[in-house]
Amino acid sequence: MGTGTHPTAEPPALIPALTAKAKAAAHPHPHTPTALPPCTCAGATLADRQDATVVRHAGTVAKAHAPDTDPAALTLRVTTAARLPDVLLPPLTPTPATLHDRPVTLWPYGLPVDPDAPDAAPWEAAATLLARLHRTPVPTGLPPMRGPAKAARALARLQAALRTTPHAAARPAARPVLDAWATLPAWARAEAPMPGPPALCHGDLHLGQLVRHPAPDGPWKLIDVDDLGAGVPAWDLARPAAWYACGLLPPDEWTRFLTAYRRAGGPAVPADGDPWPALDVPARALTVQTAALAVTKALAADRPLDEVEQAVVDACARMPSVPPQAPRPPRPAPGFPG
């Protein structure tokens, strides 16, 4: 093979290379001169975003993590998943590989939540797994949970979009989002350390982070360790709490989730009584993050907000009327103002 000043071929695209890695992991075999039969297993690209590219081949999933991922921190997170197979989907290998300058991890395939069957959403399973995770001692050296950092990144993306779309229709929707962000304490904006004592947190909990393994009817497991770390456990309850506060999650589903978490001994909220003083700041932060991402997308497409996007922006507009962490009586209806 030539070296020096000779031109080099462009490297293969990430998705084909990642698919080949998943295929090799799905069909390990000793070196043999005998030609292998053509593979007819199913494969698919499950995600292709800036922060992650995920492909599946048969029962193996390969994930290329974000280019700016800290390999040492990712290794600690993957190792934690390997040690908690009853809570987190365990990796196929404990050490990330490198592919096209991206860290890559390998996982068994698990069946995800069916988005077309909302009545079958596993709220109790999600809550129970979270409670187990939060009760697990934080492994030595594990980095902070990345939830606040992701929220801050969403706000930075919104501010960048505002600078490049001076005439977009959705610009007025950004003001209540930015104002709500300014009311949050520094730790929730990733500008100060999180308050303690720290718990082992998932960092980005939503129903898309659960799979059944072994598929199709094995127990539910949490997936995606990119944001796993030490932090405020209430952050992991914040997205469903925010959806409830915005009127996007029915009260009975929120009650199922909260009741299951308490029944499993989760430490993020008191065992009884009003959970909102513990959840208020994280729920506000997740609402602002969601609204920031929604407005950013609307700015890029130069379109008005849809009904769901407007609901989270409206929730941001209500936030400054009530100080964060203010105690309040149990709320008879969703909405941040008490």
Side-chain angles (χ1 to χ4, degrees), residues 47-53 65-70 102 144-194 203-206 208-209 224 226-227 231-232 235 238-249 279-325 334-337:
D48 187 17
R49 308 183 305 268
Q50 263 189 331
D51 62 336
T53 300
H65 299 259
D68 61 351
T69 298
D70 179 341
R102 301 273 292 271
M145 174 265 291
R146 294 180 63 245
K150 290 189 73 170
R153 186 171 63 188
L155 267 291
R157 289 178 59 188
L158 173 59
Q159 291 163 335
L162 289 170
R163 290 192 293 269
T164 59
T165 55
H167 306 295
R171 284 182 66 86
R175 176 45 51 194
V177 179
L178 297 173
D179 289 346
W181 180 251
T183 68
L184 295 172
W187 74 263
R189 301 195 306 266
E191 296 172 359
M194 285 176 273
D204 188 29
L205 190 280
H206 53 80
Q209 306 287 35
D224 190 356
D226 291 76
D227 304 308
V232 177
W235 197 278
R239 187 172 270 109
W243 291 347
Y244 164 66
C246 295
L248 301 175
L249 182 68
L279 296 174
D280 190 58
V281 168
R284 289 169 184 259
L286 262 295
T287 301
V288 176
Q289 175 182 330
T290 302
L293 294 173
V295 176
T296 299
K297 290 179 181 178
L299 290 171
D302 194 15
R303 60 167 176 79
L305 303 182
D306 64 27
E307 184 178 358
V308 172
E309 292 167 340
Q310 189 63 55
V312 291
V313 170
D314 290 346
C316 290
R318 296 194 296 269
M319 286 182 197
S321 66
V322 178
Q325 297 182 315
F336 284 97

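Numbers here are sequence positions counted from 1. Below, each value reflects all heavy atoms present in this structure, side chains not excepted, and no hydrogens, waters or symmetry copies.
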Exercise. If we only count heavy atoms from C-beta on, is the T287 to C316 side-chain gap below 4.5 Å?
Worked result: yes
Exercise. Between D314 and R318, is the closest basic N to carboxylate O distance under 4.0 Å?
Worked result: no
Exercise. Looking at A283 and A242, what are the two nearest heavy atoms and their distance?
Worked result: O-CB, 3.5 Å
Problem set entry | Test item: V312 and L305 side chains (from C-beta on) under 4.5 Å apart, heavy atoms | no
Problem set entry | CG-CG distance between D68 and D51, expressed to the nearest 0.5 angstrom | 9.5 Å
Exercise. Which value, rounded to the nearest 0.5 Å, describes the distance between Q289 atom CD and L158 atom CG?
Worked result: 12.0 Å
Exercise. Taking the side chain as C-beta and beyond, is there a heavy-atom pair between L286 and W243 under 4.5 Å?
Worked result: no
Problem set entry | For the student: nearest non-hydrogen atoms of G231 and M194, plus distance | CA-SD, 3.8 Å
Exercise. How many angstroms lie between atom OG1 of T290 and atom NE2 of H206, to the nearest 0.5 angstrom?
Worked result: 10.0 Å
Seminar exercise, completed: Nearest heavy-atom contact between E309 and P304 is OE1-O, 4.4 Å
Seminar exercise, completed: Between P320 and A317, the two heavy atoms sitting closest are CD-O, 3.5 Å
Problem set entry | Residue list, side chain to side chain donor-acceptor pair (under 3.5 Å) with R163, at least two apart or on another chain | none
Exercise. Ignoring hydrogens and geometry, is there a side-chain-to-backbone donor-acceptor pair from R284 to M319 under 3.5 Å?
Worked result: yes
For this session: State which residues pass side chain to side chain donor-acceptor pair (under 3.5 Å) with T53; sequence neighbours excluded, sorted by chain then number.
Result: D48
For this session: Spell out, as yes or no, whether a donor-acceptor pair under 3.5 Å connects the side chain of R171 to the backbone of L162.
Result: yes
Exercise. Looking only at heavy atoms, what is the nearest atom pair of A285 and L184, with distance?
Worked result: CA-CD1, 3.8 Å
Exercise. Any side-chain heavy atom of L178 within less than 4.5 Å of one from V288?
Worked result: no
Exercise. Nearest 0.5 Å, what's the CG-NZ distance between D306 and K297?
Worked result: 10.0 Å
Problem set entry | Flag side-chain contact, heavy atom, 4.5 Å: V281 against W187 | yes
Exercise. So do V313 and V295 actually touch side chain to side chain, heavy atoms under 4.5 Å?
Worked result: yes
For this session: Might you point out which heavy atoms bring W181 and L155 nearest each other, and give the distance in Å?
Result: CD2-CG, 3.5 Å
Exercise. Should the pair R239-D204 be classified as a salt bridge under the 4.0 Å nitrogen-to-oxygen rule?
Worked result: yes
